[in-house]
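Here is the structure we will look at, set down as structure tokens.
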Protein chains: 2
Amino acid sequence: METVTTEEKIIRAADKLFTQKGYAATRTRDIAEEAGTNLALLNYYFGSKEKLFKYVVQGKLKMLLGAMGPALSDEHISLEDKISLITENYTNLLLENEELPIFILNELTVNRELFAKITQNTRQIAQPVLEKQLKERGVEISTTDLIINTLSMTLFPFIAKPLITSSGLVKEEEFVKFVTDRKKKIIEWIIKITI
Amino acid sequence: METVTTEEKIIRAADKLFTQKGYAATRTRDIAEEAGTNLALLNYYFGSKEKLFKYVVQGKLKMLLGAMGPALSDEHISLEDKISLITENYTNLLLENEELPIFILNELTVNRELFAKITQNTRQIAQPVLEKQLKERGVEISTTDLIINTLSMTLFPFIAKPLITSSGLVKEEEFVKFVTDRKKKIIEWIIKITI
DNA sequence: ATTTGATTTAATCATTTGTTTAAATTGAAA
DNA sequence: TTTCAATTTAAACAAATGATTAAATCAAAT
């Protein structure tokens with residue numbers, strides 16, 4: 001049997017509720033109840049709701065950026081394979097964490113300072129390599145447009161899922177197939193655009 | 001001089017704060033203060049915080065869908081012009097209302113039922129016309145992919161603006177130029193993909 | 001000028017919410 | 001077994017928050 005410490009139980013409960021409802025709408029009492037512990041333990045272990053939130057957010061953000069960083073900055077991975085890796089990694093990640101992007105982007109809007117440091121690193125390493133690879137190909141598209149187009153087409157269906165499904169564009173039960181099929185298409189589209 | 005009723009002042013204040021901070025984080029007292037009125041007037045005119053919120057959301061949602069609906073269902077507008085209209089309309093709309101998409105998508109995640117009715121209409125009218133136009137062209141892409149790709153590339157920069165700017169991909173002061181320049185590019189890209 | 005209904009104000013209520021406190025319990029070390 | 005720190009519990013506190021009330025003010029109609 002796996003033993004889960006009280007601290008870990010609180011983290012998991014907080015993760016679930018914060019991601020689901022956002023910071024402001026989540027009650028410390030609900031976290032405690034979800035964790036099956038006492039309300040006071042939240043402050044005993046983490047000091048405050050806000051500190052617990054930051055802990056959770058840091059983890060989520062690393063998750064989100066971790067799916068992109070390493071692939072981008074490797075010189076030995078071709079442009080095609082990079083696009084491929086990004087769409088593949090993100091699609092898989094978001095299939096397991098559908099609320100992740102909206103959660104991050106929403107809290108990011110309110111709490112911008114919190115994120116600046118973590119995000120900058122990734123780009124500064126990745127961008128020069130990408131630019132070099134694009135130049136070698138004699139491509140007219142900018143690195144920025146390439147990255148944003150890839151992320152757009154990959155992430156948008158997850159971000160806009162409630163709009164897409166409730167409008168009937170894609171049925172709820174077909175969603176997984178829809179984004180899975182898109183993985184291959186996106187690479188083709190990006191290549192058509194880029195070359 | 002323009003005369004603004006108290007009711008209108010409350011709506012504008014609520015609009016601003018709800019869009020900026022979301023439902024849960026917005027305090028009725030802040031709305032009253034922002035409107036320059038008394039707290040009790042909010043309940044006098046709208047009954048409750050929730051009713052006021054729904055009023056605001058309905059307006060925002062119509063705004064968002066209104067930028068797409070009419071263009072799509074018109075048989076006399078060519079495919080190119082439709083893509084063109086959507087990116088043009090949305091880019092302009094979101095330049096004036098940058099927080100709009102994240103606000104809608106976030107609240108939509110929590111409050112799904114509220115939106116179902118309004119969104120369904122738009123698609124049911126538009127999709128058949130689009131499908132016909134695509135078939136006439138002998139194009140292999142699906143209507144769904146076409147719509148989602150166009151929306152992705154147009155909306156994503158606004159949705160992910162905090163991530164894009166704080167990561168340094170696009171500088172805050174260059175953002176307007178960036179999305180404005182993208183308008184033309186998106187149309188070219190979509191055509192490359194579609195044809 | 002008076003009346004009447006709509007609007008506004010100030011004060012208060014009841015509940016929720018994040019946090020703290022002090023006592024109880026547990027479990028390992030001496 | 002005793003001791004002692006770490007952990008857990010139950011209760012309470014103070015502030016914040018959505019809502020309500022009753023009185024005051026205003027503006028138009030009579």
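In what follows, every chain begins at residue 1, and chains take the letters A, B, ... in the order their sequences are listed.
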Taking protein heavy atoms under 4.0 Å as touching, what does nucleotides 15-29 of chain C look like 5' to 3' if B marks base contact, S marks sugar-phosphate-only contact and - marks none? --BBBBB--------
Interatomic distance, E33(B) CD vs dT8(C) C1' [rounded to whole Å]: 17 Å
Whether K60(A) engages the ring of F103(A) as a cation-pi pair (distance to the six-membered ring centre under 6.0 angstrom, angle to the ring normal within 45°) should be assessed. no
About how many Å separate CD of E80(A) and OG1 of T194(A), when rounded to the nearest 0.5 Å? 8.5 Å
Salt bridge or not for E33(A) and R29(A), using N-O below 4.0 Å? no
Select base, sugar-phosphate, or nothing to describe what Y45(A) touches, counting heavy atoms under 4.0 Å on all strands. sugar-phosphate
OP1 or OP2 of dT7(C) under 4.0 Å from side-chain N/O of T6(B): no
Return the value, rounded to whole Å, for the distance between atom CD1 of I10(A) and atom C1' of dT8(D). 11 Å
How many whole angstroms separate atom CG of L41(B) from atom C1' of dA10(C)? 12 Å
Describe, in one word, how the ring planes of Y23(A) and F18(A) are oriented to each other, choosing from parallel (under 30°), tilted (30 to 60°) and perpendicular (over 60°). parallel
Carboxylate-amine/guanidinium contact K185(B) D181(B), below 4.0 Å: no
Are E188(A) and K192(A) ion-paired here, with the side-chain N under 4.0 Å from a carboxylate O? no
